[in-house]
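Working notes for the structure below.
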2 protein chains.
Amino acid sequence: MPEEIDRPLRRDAQLNRERIVEAAREVFATRGLAATLDDVATHAGVGIGTVYRRFPTKEQLLEVAFEERLEQHAREIEAALRKPTGWDGLVSFLTRAAELHATDRGVRDIALGADLDARYFEIIRQRIYPLVEAIIDRAHAEGSLRADVTAGDVPLLLMMVSEVAHHSQAVRPEIFHRYLRLLIDGLRGDSDLGPPLTRPEVDALTRDWLPSGKPQR
Amino acid sequence: MPEEIDRPLRRDAQLNRERIVEAAREVFATRGLAATLDDVATHAGVGIGTVYRRFPTKEQLLEVAFEERLEQHAREIEAALRKPTGWDGLVSFLTRAAELHATDRGVRDIALGADLDARYFEIIRQRIYPLVEAIIDRAHAEGSLRADVTAGDVPLLLMMVSEVAHHSQAVRPEIFHRYLRLLIDGLRGDSDLGPPLTRPEVDALTRDWLPSGKPQR
DNA sequence: TCACAAGTGGAGGACACTCCTCAACTTCGG
DNA sequence: CCGAAGTTGAGGAGTGTCCTCCACTTGTGA
């Protein structure tokens with residue numbers, strides 16, 4: 001019986017593994033999930049083969065590279081729920097999320113729904129969705145958020161803002177705040193928005209929006 | 001001397017030419033300027049060689065295919081300038097532009113600045129820019145538009161909205177109106193937007209945003 | 001009618017990019 | 001010091017784009 005023992009890695013191998021994970025964080029942050037494992041290997045200064053040996057699929061690497069980061073994201077959203085008013089909570093959540101997505105394309109791709117099939121991503125999102133809903137509900141309850149905005153609008157709003165952030169990186173990295181502000185101001189408005197997107201619609205749209213996240217295998 | 005006479009096309013060649021232009025309109029409308037001449041040829045039911053013989057560069061084809069359409073776009077903007085109030089003009093301009101960009105990705109790519117080097121596109125934009133400025137100025141003058149929004153914001157707003165339009169095509173083609181509405185509501189707001197983008201910044205950003213429009217040659 | 005200029009088609013070369021394997025080689029550590 | 005563990009990156013296979021070229025077809029004017 002060829003026991004599949006998890007023997008500890010040799011010292012040099014362990015070092016390489018860490019280098020790979022670190023490189024992955026950087027590369028995915030700047031290029032999004034579309035970055036190739038070749039990119040990561042080059043950035044880490046190891047051969048491509050080494051990356052494939054350690055992480056046979058992109059998803060496995062993403063999981064290790066993004067675990068902490070996403071965990072912290074979730075905690076920040078929880079913190080927004082504890083803001084004095086619902087409106088403050090909503091604004092600080094949106095701002096924080098936009099900042100995060102602007103800084104780290106990888107987090108954006110995962111949080112906003114790239115590759116909706118990947119098990120790991122799905123788990124993360126299962127944790128985040130209810131928090132977002134709570135934030136929206138709270139703002140609705142206190143009457144500060146227009147009634148016709150739903151939790152399903154959040155991915156769209158963040159998508160729009162992070163698109164601006166992404167494309168303005170080289171020119172004016174912080175300009176996305178301007179357009180986020182404009183949208184936030186709009187959230188107080190009172191014109192007729194028509195029927196909102198349903199959850200499945202949001203998912204379909206998201207899937208289409210983020211081709212950056214179509215890992216192989 | 002090999003006179004380069006413009007002899008009239010043979011009857012069949014003329015027909016093919018028209019087919020190609022018509023196919024180009026359809027293909028570029030749905031796929032944006034990223035569509036290949038091969039796509040156009042297939043769609044037109046002619047060989048690739050025929051397309052290249054008639055239109056050696058993509059730009060030449062675009063010029064013929066989009067001339068009318070862009071001309072009409074410009075006229076619609078002029079019409080918005082004649083609306084009773086500056087605000088009406090602004091809203092109807094934004095709405096019309098968003099609708100147009102949602103329907104025709106090609107027009108969007110050209111109007112918003114894809115391939116800023118191409119001479120032909122540049123001429124079109126030279127005509128449109130002042131009109132947009134006039135619309136913004138008029139709304140500013142009557143005080144209905146917040147003072148810190150500039151003409152440079154217009155491409156960004158339209159970019160955001162048309163991104164939504166593009167990615168929601170299959171799901172809810174008209175949902176972009178919702179997010180346009182949200183942004184328009186924000187245009188009445190009064191929070192601090194910070195320093196706006198300058199024209200060169202808008203150009204750089206646009207160039208980066210529309211990879212769909214990097215014609216070859 | 002028919003010769004020949006005009007026009008056509010699309011296989012295929014050239015290039016770019018991605019994913020991933022594997023066999024020859026290097027290094028660690030008992 | 002030697003064998004297992006680890007590394008490497010060229011290269012095969014796949015996808016996709018741009019564009020040329022030439023054998024073939026078709027329209028038309030004499």
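Chain A is the first sequence line, chain B the second, and so forth, proteins listed ahead of strands; every chain is numbered from 1. Heavy-atom basis, side chains included; hydrogens, waters and symmetry copies ignored.
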Send over the distance from [X] [atom1] to [N] [atom2], rounded to a whole Å.
X: A/Arg7; N: C/dG30; atom1: CZ; atom2: P; value: 12 Å
X: B/Gln14; N: D/dT28; atom1: CD; atom2: C1'; value: 16 Å
X: A/Leu9; N: D/dA4; atom1: CG; atom2: C1'; value: 14 Å
X: A/Asp12; N: D/dA5; atom1: CG; atom2: P; value: 13 Å
X: A/Tyr52; N: C/dA23; atom1: OH; atom2: P; value: 18 Å
X: B/Glu59; N: D/dC18; atom1: CD; atom2: P; value: 15 Å
X: B/His43; N: C/dG10; atom1: NE2; atom2: C1'; value: 19 Å
X: A/Leu15; N: D/dT7; atom1: CG; atom2: C1'; value: 13 Å

With a non-hydrogen cut-off below 4.0 angstrom, is [X] in contact with a base, only sugar-phosphate, or nothing?
X: A/Arg11; result: sugar-phosphate
X: B/Arg54; result: sugar-phosphate
X: B/Arg10; result: base

Should the pair [X]-[Y] be classified as a salt bridge under the 4.0 Å nitrogen-to-oxygen rule?
X: A/Glu71; Y: A/Arg127; result: yes
X: B/Arg19; Y: B/Glu22; result: no
X: B/Arg207; Y: B/Asp203; result: no
X: A/Arg69; Y: A/Glu67; result: no

Would you list the protein and nucleotides 9-14 of chain D atom pairs, both N or O, that sit under 3.5 Å from each other?
from, atom 1, to, atom 2, distance (Å)
D/dG9, O6, A/Gly49, N, 3.4

Notebook entry, point to check: Phosphate oxygens OP1/OP2 of C/dC19: is one of them under 4.0 Å from a side-chain N or O of A/Thr36?
Noted result: yes
Note to self: Can you see if the side chain of A/Asn16 gets near the phosphate of D/dT7 - specifically, an N or O under 4.0 Å from OP1 or OP2?
What the structure shows: yes
Checklist line | Under 3.5 Å: donor-acceptor pair, side chain of B/Arg75, backbone of B/Leu70 | finding: no
Checklist line | Test item: A/Glu201 side-chain N/O and A/Thr198 main-chain N/O as donor-acceptor pair under 3.5 Å | finding: yes
Margin query: What's the separation between atom OG in A/Ser168 and atom OH in A/Tyr179, rounded to the nearest 0.5 Å?
Written below: 9.0 Å
Item checked: A/Arg53 side chain, from C-beta outward: closest of D/dC18, C/dG7, D/dG6 -> D/dG6
